[in-house]
2 protein chains.
Amino acid sequence: MYTIKEVAQKTDVSEHTLRFWAKSGFFPFLKRNQNNIRLFSEDDIAWVKIVKCLRSVGTENKAIKKYIDLCIMGDSTILERYKIIQETKQKAKQQMRELKKQLDMLDYKEKFYQNLIENNLKDEWNPMNKVKHESQAV
Amino acid sequence: MYTIKEVAQKTDVSEHTLRFWAKSGFFPFLKRNQNNIRLFSEDDIAWVKIVKCLRSVGTENKAIKKYIDLCIMGDSTILERYKIIQETKQKAKQQMRELKKQLDMLDYKEKFYQNLIENNLKDEWNPMNKVKHESQAV
DNA sequence: AGTTTGCCTGATAGTAACTCTCAAAATTTT
DNA sequence: AAAATTTTGAGAGTTACTATCAGGCAAACT
(Lines give C-alpha, C1' and ligand atoms only; values in the text may rest on other atoms or scores of the structure.)
Protein backbone atom coordinates (compact mmCIF):
# COMPACT_ATOMS: atom_id res chain seq x y z
CA MET A 1 0.00 0.00 0.00
CA TYR A 2 1.26 3.42 -0.98
CA THR A 3 0.68 6.94 0.26
CA ILE A 4 -0.33 9.65 -2.13
CA LYS A 5 3.22 10.96 -2.22
CA GLU A 6 4.65 7.62 -3.29
CA VAL A 7 2.01 7.25 -5.99
CA ALA A 8 2.76 10.77 -7.23
CA GLN A 9 6.42 9.78 -7.64
CA LYS A 10 5.64 6.37 -9.16
CA THR A 11 3.19 7.68 -11.74
CA ASP A 12 4.47 11.21 -12.31
CA VAL A 13 1.07 12.68 -11.49
CA SER A 14 1.06 15.43 -8.85
CA GLU A 15 -0.51 14.85 -5.43
CA HIS A 16 -2.90 17.70 -6.16
CA THR A 17 -4.06 16.05 -9.35
CA LEU A 18 -4.37 12.66 -7.68
CA ARG A 19 -6.68 14.17 -5.03
CA PHE A 20 -8.59 15.98 -7.73
CA TRP A 21 -8.98 12.74 -9.69
CA ALA A 22 -9.97 10.87 -6.53
CA LYS A 23 -12.67 13.46 -5.85
CA SER A 24 -13.77 13.09 -9.46
CA GLY A 25 -14.52 9.43 -8.78
CA PHE A 26 -11.67 8.02 -10.85
CA PHE A 27 -10.50 5.61 -8.14
CA PRO A 28 -13.67 3.99 -6.87
CA PHE A 29 -11.91 1.34 -4.81
CA LEU A 30 -9.35 3.56 -3.14
CA LYS A 31 -9.24 2.90 0.62
CA ARG A 32 -8.28 5.03 3.60
CA ASN A 33 -6.60 4.07 6.87
CA GLN A 34 -8.06 4.76 10.34
CA ASN A 35 -6.75 8.33 10.11
CA ASN A 36 -8.55 9.10 6.87
CA ILE A 37 -5.36 8.88 4.85
CA ARG A 38 -5.58 7.46 1.34
CA LEU A 39 -3.77 4.17 0.77
CA PHE A 40 -3.27 3.14 -2.85
CA SER A 41 -3.09 -0.56 -3.74
CA GLU A 42 -1.35 -1.87 -6.86
CA ASP A 43 -4.77 -2.00 -8.49
CA ASP A 44 -5.39 1.64 -7.62
CA ILE A 45 -2.08 2.48 -9.27
CA ALA A 46 -3.24 0.62 -12.38
CA TRP A 47 -6.32 2.87 -12.34
CA VAL A 48 -4.09 5.93 -12.06
CA LYS A 49 -2.15 4.75 -15.10
CA ILE A 50 -5.18 4.16 -17.28
CA VAL A 51 -6.63 7.53 -16.25
CA LYS A 52 -3.31 9.17 -17.05
CA CYS A 53 -3.31 7.44 -20.42
CA LEU A 54 -6.83 8.56 -21.29
CA ARG A 55 -6.14 12.13 -20.10
CA SER A 56 -2.89 12.41 -22.01
CA VAL A 57 -4.66 11.74 -25.30
CA GLY A 58 -7.26 14.40 -24.52
CA THR A 59 -10.16 12.38 -23.15
CA GLU A 60 -12.36 14.69 -21.08
CA ASN A 61 -12.77 13.94 -17.39
CA LYS A 62 -16.48 13.40 -17.89
CA ALA A 63 -15.76 10.68 -20.46
CA ILE A 64 -13.15 9.12 -18.19
CA LYS A 65 -15.69 8.94 -15.39
CA LYS A 66 -18.07 7.22 -17.76
CA TYR A 67 -15.40 4.65 -18.64
CA ILE A 68 -14.66 4.05 -14.96
CA ASP A 69 -18.36 3.58 -14.29
CA LEU A 70 -18.56 1.06 -17.11
CA CYS A 71 -15.66 -0.83 -15.54
CA ILE A 72 -17.48 -0.94 -12.24
CA MET A 73 -20.60 -2.32 -13.90
CA GLY A 74 -18.73 -5.47 -14.85
CA ASP A 75 -18.76 -7.90 -17.76
CA SER A 76 -21.88 -6.61 -19.46
CA THR A 77 -20.03 -3.45 -20.55
CA ILE A 78 -16.95 -5.07 -22.04
CA LEU A 79 -17.98 -4.43 -25.64
CA GLU A 80 -18.71 -0.79 -24.91
CA ARG A 81 -15.38 -0.36 -23.16
CA TYR A 82 -13.63 -2.07 -26.07
CA LYS A 83 -15.15 0.47 -28.44
CA ILE A 84 -14.05 3.37 -26.24
CA ILE A 85 -10.48 2.07 -26.25
CA GLN A 86 -10.60 1.66 -30.01
CA GLU A 87 -11.85 5.21 -30.54
CA THR A 88 -9.27 6.54 -28.12
CA LYS A 89 -6.57 4.72 -30.06
CA GLN A 90 -7.72 6.31 -33.29
CA LYS A 91 -7.66 9.73 -31.64
CA ALA A 92 -4.16 9.07 -30.33
CA LYS A 93 -2.97 8.04 -33.79
CA GLN A 94 -4.41 11.24 -35.24
CA GLN A 95 -2.55 13.21 -32.58
CA MET A 96 0.60 11.35 -33.53
CA ARG A 97 0.20 12.46 -37.16
CA GLU A 98 -0.47 16.04 -36.09
CA LEU A 99 2.54 16.07 -33.77
CA LYS A 100 4.68 14.68 -36.58
CA LYS A 101 3.53 17.52 -38.83
CA GLN A 102 4.40 20.14 -36.22
CA LEU A 103 7.78 18.51 -35.67
CA ASP A 104 8.43 18.83 -39.40
CA MET A 105 7.57 22.52 -39.16
CA LEU A 106 9.95 22.96 -36.24
CA ASP A 107 12.64 21.14 -38.23
CA TYR A 108 12.11 23.53 -41.11
CA LYS A 109 12.25 26.54 -38.79
CA GLU A 110 15.40 25.24 -37.14
CA LYS A 111 17.16 24.89 -40.49
CA PHE A 112 15.87 28.31 -41.50
CA TYR A 113 17.47 29.93 -38.47
CA GLN A 114 20.60 27.79 -38.83
CA ASN A 115 21.04 29.07 -42.35
CA LEU A 116 20.45 32.62 -41.20
CA ILE A 117 23.07 32.31 -38.48
CA GLU A 118 25.69 30.53 -40.59
CA ASN A 119 25.40 32.98 -43.45
CA ASN A 120 24.79 36.05 -41.38
CA LEU A 121 21.72 36.73 -43.47
CA LYS A 122 18.83 38.98 -42.63
CA ASP A 123 15.53 37.43 -41.57
CA GLU A 124 13.71 38.38 -44.72
CA TRP A 125 10.54 36.69 -43.64
CA ASN A 126 10.06 38.94 -40.68
CA PRO A 127 7.49 41.52 -41.84
CA MET A 128 9.44 44.08 -39.82
CA ASN A 129 12.09 43.96 -42.52
CA LYS A 130 10.30 45.62 -45.38
CA VAL A 131 11.73 43.42 -48.11
CA LYS A 132 9.94 41.50 -50.83
CA HIS A 133 9.89 37.88 -49.72
CA GLU A 134 8.23 34.50 -50.06
CA SER A 135 5.79 33.28 -47.46
CA GLN A 136 7.32 31.29 -44.68
CA ALA A 137 4.50 28.74 -44.72
CA VAL A 138 5.98 25.26 -44.61
CA MET B 1 -6.55 38.99 -48.13
CA TYR B 2 -8.75 36.67 -46.10
CA THR B 3 -11.56 37.16 -43.63
CA ILE B 4 -11.43 35.49 -40.26
CA LYS B 5 -13.78 32.76 -41.41
CA GLU B 6 -11.57 31.82 -44.34
CA VAL B 7 -8.52 31.73 -42.11
CA ALA B 8 -10.38 29.55 -39.63
CA GLN B 9 -11.13 27.07 -42.40
CA LYS B 10 -7.62 27.25 -43.89
CA THR B 11 -5.81 26.72 -40.61
CA ASP B 12 -8.34 24.68 -38.65
CA VAL B 13 -8.28 27.17 -35.79
CA SER B 14 -11.68 28.48 -34.66
CA GLU B 15 -12.70 32.10 -35.27
CA HIS B 16 -13.06 32.51 -31.52
CA THR B 17 -9.51 31.35 -30.94
CA LEU B 18 -8.18 33.52 -33.77
CA ARG B 19 -9.76 36.59 -32.15
CA PHE B 20 -8.41 35.51 -28.78
CA TRP B 21 -4.93 35.09 -30.25
CA ALA B 22 -5.19 38.41 -32.05
CA LYS B 23 -6.09 40.10 -28.78
CA SER B 24 -3.14 38.32 -27.16
CA GLY B 25 -0.84 40.11 -29.60
CA PHE B 26 0.08 37.05 -31.66
CA PHE B 27 -0.52 38.78 -35.02
CA PRO B 28 1.20 42.14 -34.68
CA PHE B 29 0.88 43.04 -38.37
CA LEU B 30 -2.75 42.08 -38.86
CA LYS B 31 -4.61 44.86 -40.64
CA ARG B 32 -8.27 45.91 -40.64
CA ASN B 33 -10.34 47.44 -43.42
CA GLN B 34 -12.04 50.82 -43.09
CA ASN B 35 -14.92 49.14 -41.21
CA ASN B 36 -12.75 47.57 -38.56
CA ILE B 37 -12.88 44.10 -40.05
CA ARG B 38 -9.75 41.99 -39.81
CA LEU B 39 -8.05 41.10 -43.10
CA PHE B 40 -5.40 38.40 -42.94
CA SER B 41 -2.53 38.44 -45.43
CA GLU B 42 -0.54 35.34 -46.40
CA ASP B 43 2.07 36.45 -43.89
CA ASP B 44 -0.56 36.68 -41.17
CA ILE B 45 -1.58 33.11 -42.01
CA ALA B 46 2.04 32.07 -41.63
CA TRP B 47 1.93 33.63 -38.16
CA VAL B 48 -1.23 31.68 -37.38
CA LYS B 49 0.54 28.48 -38.40
CA ILE B 50 3.61 29.06 -36.28
CA VAL B 51 1.42 29.98 -33.29
CA LYS B 52 -0.64 26.85 -33.85
CA CYS B 53 2.55 24.83 -34.00
CA LEU B 54 3.93 26.26 -30.77
CA ARG B 55 0.57 25.87 -28.99
CA SER B 56 0.10 22.29 -30.14
CA VAL B 57 3.35 21.26 -28.47
CA GLY B 58 2.29 22.91 -25.22
CA THR B 59 4.09 26.25 -25.38
CA GLU B 60 2.32 28.68 -23.04
CA ASN B 61 0.74 31.76 -24.54
CA LYS B 62 3.05 33.97 -22.52
CA ALA B 63 6.07 32.25 -24.10
CA ILE B 64 4.52 32.53 -27.55
CA LYS B 65 4.07 36.27 -27.06
CA LYS B 66 7.70 36.49 -26.09
CA TYR B 67 8.73 34.68 -29.28
CA ILE B 68 6.54 36.97 -31.38
CA ASP B 69 8.09 40.00 -29.69
CA LEU B 70 11.55 38.66 -30.48
CA CYS B 71 10.53 38.31 -34.13
CA ILE B 72 9.39 41.92 -34.16
CA MET B 73 12.70 43.05 -32.73
CA GLY B 74 14.49 41.85 -35.83
CA ASP B 75 17.86 40.32 -36.62
CA SER B 76 19.47 40.85 -33.25
CA THR B 77 17.25 38.15 -31.73
CA ILE B 78 17.83 35.41 -34.29
CA LEU B 79 20.07 33.35 -32.03
CA GLU B 80 17.58 33.55 -29.17
CA ARG B 81 14.74 32.53 -31.45
CA TYR B 82 16.83 29.67 -32.78
CA LYS B 83 17.33 28.39 -29.25
CA ILE B 84 13.60 28.60 -28.56
CA ILE B 85 12.84 26.53 -31.66
CA GLN B 86 15.46 23.98 -30.64
CA GLU B 87 14.03 23.66 -27.14
CA THR B 88 10.52 23.40 -28.52
CA LYS B 89 11.67 20.63 -30.83
CA GLN B 90 13.12 18.72 -27.93
CA LYS B 91 9.86 19.11 -26.03
CA ALA B 92 7.91 17.90 -29.04
CA LYS B 93 10.14 14.84 -29.35
CA GLN B 94 9.58 14.06 -25.69
CA GLN B 95 5.82 14.33 -26.25
CA MET B 96 6.19 11.97 -29.17
CA ARG B 97 7.82 9.38 -26.92
CA GLU B 98 5.14 9.83 -24.26
CA LEU B 99 2.35 9.53 -26.82
CA LYS B 100 3.98 6.39 -28.20
CA LYS B 101 3.97 4.92 -24.68
CA GLN B 102 0.28 5.68 -24.21
CA LEU B 103 -0.49 4.24 -27.63
CA ASP B 104 1.26 1.03 -26.56
CA MET B 105 -0.94 0.96 -23.47
CA LEU B 106 -4.06 1.42 -25.57
CA ASP B 107 -2.87 -1.37 -27.87
CA TYR B 108 -2.44 -3.62 -24.88
CA LYS B 109 -5.90 -2.71 -23.57
CA GLU B 110 -7.45 -3.28 -26.96
CA LYS B 111 -5.99 -6.77 -27.20
CA PHE B 112 -7.04 -7.43 -23.62
CA TYR B 113 -10.65 -6.64 -24.42
CA GLN B 114 -10.44 -8.46 -27.75
CA ASN B 115 -9.33 -11.57 -25.97
CA LEU B 116 -12.09 -11.15 -23.42
CA ILE B 117 -14.72 -10.82 -26.12
CA GLU B 118 -13.45 -13.65 -28.31
CA ASN B 119 -13.17 -16.11 -25.47
CA ASN B 120 -16.15 -14.89 -23.51
CA LEU B 121 -13.92 -14.53 -20.50
CA LYS B 122 -14.59 -12.56 -17.38
CA ASP B 123 -12.74 -9.29 -16.84
CA GLU B 124 -10.56 -10.57 -14.05
CA TRP B 125 -8.69 -7.34 -13.71
CA ASN B 126 -11.75 -5.38 -12.73
CA PRO B 127 -11.54 -5.14 -8.95
CA MET B 128 -15.31 -5.59 -8.93
CA ASN B 129 -14.74 -9.25 -9.74
CA LYS B 130 -13.19 -10.48 -6.52
CA VAL B 131 -10.75 -12.89 -8.13
CA LYS B 132 -7.04 -13.25 -7.54
CA HIS B 133 -5.34 -11.62 -10.50
CA GLU B 134 -2.21 -9.97 -11.86
CA SER B 135 -1.96 -6.24 -12.08
CA GLN B 136 -3.05 -4.76 -15.36
CA ALA B 137 -0.12 -2.36 -15.42
CA VAL B 138 1.48 -2.47 -18.85
C1' DA C 1 6.37 15.91 28.40
C1' DG C 2 6.46 19.36 25.07
C1' DT C 3 7.33 20.96 20.65
C1' DT C 4 8.81 20.94 16.19
C1' DT C 5 8.66 18.86 11.70
C1' DG C 6 6.44 16.94 8.05
C1' DC C 7 2.87 14.68 5.61
C1' DC C 8 -1.94 14.53 5.02
C1' DT C 9 -6.66 16.55 4.89
C1' DG C 10 -10.68 19.37 2.72
C1' DA C 11 -12.23 23.82 1.37
C1' DT C 12 -11.57 27.44 -1.33
C1' DA C 13 -9.44 30.66 -4.53
C1' DG C 14 -6.81 31.42 -8.60
C1' DT C 15 -5.14 30.40 -13.35
C1' DA C 16 -4.70 29.25 -18.39
C1' DA C 17 -6.71 28.96 -22.49
C1' DC C 18 -10.11 28.75 -24.44
C1' DT C 19 -15.42 28.65 -25.64
C1' DC C 20 -19.83 30.54 -25.71
C1' DT C 21 -23.44 34.17 -25.76
C1' DC C 22 -25.08 38.41 -27.10
C1' DA C 23 -26.25 42.65 -29.28
C1' DA C 24 -24.87 45.81 -32.60
C1' DA C 25 -22.78 46.84 -36.86
C1' DA C 26 -21.32 45.39 -41.69
C1' DT C 27 -21.82 42.55 -45.74
C1' DT C 28 -23.87 39.44 -48.82
C1' DT C 29 -27.70 37.16 -50.79
C1' DT C 30 -32.18 37.12 -52.53
C1' DA D 1 -34.82 46.92 -49.98
C1' DA D 2 -35.41 43.15 -47.04
C1' DA D 3 -33.48 38.99 -45.19
C1' DA D 4 -29.73 36.21 -43.99
C1' DT D 5 -25.05 35.78 -42.84
C1' DT D 6 -20.63 37.63 -40.86
C1' DT D 7 -17.98 40.23 -38.02
C1' DT D 8 -17.21 42.80 -33.99
C1' DG D 9 -16.10 43.50 -28.80
C1' DA D 10 -17.45 42.72 -24.22
C1' DG D 11 -18.20 39.69 -20.94
C1' DA D 12 -19.71 35.34 -18.83
C1' DG D 13 -18.88 30.37 -18.53
C1' DT D 14 -16.05 26.04 -18.77
C1' DT D 15 -12.40 22.63 -18.06
C1' DA D 16 -8.82 20.88 -15.64
C1' DC D 17 -5.95 21.74 -13.04
C1' DT D 18 -2.78 24.38 -9.46
C1' DA D 19 -1.93 26.94 -5.43
C1' DT D 20 -3.02 28.51 -0.79
C1' DC D 21 -4.42 27.86 3.70
C1' DA D 22 -5.78 26.27 8.17
C1' DG D 23 -6.07 22.24 10.80
C1' DG D 24 -5.23 17.16 12.19
C1' DC D 25 -2.14 13.59 13.32
C1' DA D 26 2.20 11.06 14.13
C1' DA D 27 6.97 10.39 14.57
C1' DA D 28 11.35 12.71 15.89
C1' DC D 29 14.05 15.84 18.48
C1' DT D 30 14.96 18.83 23.12
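Chain letters run A, B, ... following the sequence lines, proteins first, then strands; residues in each count from 1.
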How close or far is atom [atom2] of [N] from atom [atom1] of [X], stated in whole angstroms?
X: A/Leu18; N: D/dC17; atom1: CG; atom2: P; answer: 11 Å
X: B/Leu30; N: D/dT7; atom1: CG; atom2: P; answer: 13 Å
X: B/Ile4; N: D/dT6; atom1: CD1; atom2: P; answer: 13 Å
X: B/Tyr2; N: D/dT6; atom1: OH; atom2: P; answer: 19 Å
X: A/Glu15; N: C/dC7; atom1: CD; atom2: C1'; answer: 8 Å
X: A/Glu60; N: C/dC18; atom1: CD; atom2: P; answer: 15 Å
X: A/Lys31; N: C/dC8; atom1: NZ; atom2: P; answer: 19 Å
X: A/Lys5; N: C/dT9; atom1: NZ; atom2: P; answer: 13 Å

Nucleotide N/O of nucleotides 26-30 of chain C paired with protein N/O under 3.5 Å:
unit_1, atom_1, unit_2, atom_2, d
C/dA26, O3', B/Asn35, ND2, 3.4
C/dT27, OP1, B/Asn35, ND2, 2.6
C/dT27, OP2, B/Asn35, ND2, 3.0

Do B/Leu116 and A/Tyr82 belong to the same hydrophobic cluster, where Ile, Leu, Val, Met, Phe, Trp and Tyr are linked whenever their side-chain heavy atoms lie under 4.5 Å apart, directly or via other members?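 Yes, B/Leu116 connects to A/Tyr82 through the hydrophobic network.
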Working to the nearest 0.5 angstrom, can you tell me the gap between A/Lys62 NZ and A/Lys65 NZ?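 Rounded to the nearest 0.5 Å, the NZ-NZ separation comes to 12.5 Å.
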Listed by chain and number, what are the side-chain contact (heavy atoms from CB on, under 4.5 Å) partners of A/Thr88, not counting sequence neighbours?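 If we apply the side-chain contact (heavy atoms from CB on, under 4.5 Å) test to A/Thr88, skipping adjacent residues, the hits are A/Leu54, A/Val57, A/Thr59, A/Ile84, B/Leu106.
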Please work out which residues in residues 92-103 of chain A have a non-hydrogen atom less than 4.0 Å from an atom of DNA chain D and list them by number.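 The answer is none.
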For [N], does OP1 or OP2 lie under 4.0 Å from any side-chain N or O of [X]?
X: B/Ser24; N: C/dA17; result: no
X: B/Trp21; N: C/dC18; result: yes
X: A/Thr17; N: D/dA16; result: no

Quick check: closest heavy atoms across A/Gln95 and A/Ser56, and the distance to 0.1 Å?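 Result for this residue pair: OE1-O, 4.1 Å.
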Filtered N/O pairs between nucleotides 9-13 of chain D and protein, under 3.5 Å:
unit_1, atom_1, unit_2, atom_2, d
D/dG9, OP1, B/Arg32, NH1, 2.8
D/dG9, OP1, B/Arg32, NH2, 2.8
D/dG9, OP2, B/Arg38, NH2, 2.5

Any chance you could lay out the salt bridge (Lys or Arg N to Asp or Glu O under 4.0 Å) test for B/Lys83 and B/Glu80, step after step, and finish with the verdict? CA-CA 5 Å; B/Lys83 280 178 193 155; B/Glu80 198 172 347; over 6 Å; no
Are [X] and [Y] linked by a side-chain donor-acceptor pair shorter than 3.5 Å?
X: A/Gln114; Y: A/Glu118; value: no
X: A/Glu98; Y: A/Gln102; value: yes
X: B/Tyr113; Y: A/Gln86; value: no

Does B/Tyr67 form a side chain to side chain contact (heavy atoms under 4.5 Å, CB included) with B/Ile64? I'd like the steps, not just the answer. CA-CA 5 Å; B/Tyr67 178 78; B/Ile64 291 177; 5.6 Å; no
Over all strands shown, is A/Ser14 touching base, sugar-phosphate only, or nothing at heavy-atom distances under 4.0 angstrom?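 A/Ser14: no heavy atom of the nucleic acid under 4.0 Å.
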Side-chain donor-acceptor pairs under 3.5 Å in residues 15-31 of chain B, sequence neighbours left out?
unit_1, atom_1, unit_2, atom_2, d
B/Thr17, OG1, B/Ser14, OG, 3.0
B/Ser24, OG, B/Phe20, O, 2.8
B/Lys31, NZ, B/Phe29, O, 3.3

Co-members of A/Met1 in a cluster of I, L, V, M, F, W and Y side chains, linked at under 4.5 Å: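 For the cluster that includes A/Met1, the remaining residues are A/Leu39.
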Look only at the side chain of B/Asn33 and the backbone of B/Asn35, and say whether a donor-acceptor pair between them is shorter than 3.5 Å.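 Yes; judged by distance alone, with no hydrogens or angles, the pair exists.
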Pick the closest DNA chain C nucleotide for B/Phe20 and for A/Glu6 by heavy atoms, then say which residue is nearer the 5' end.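 Counting from the 5' end, the first nearest nucleotide belongs to A/Glu6.
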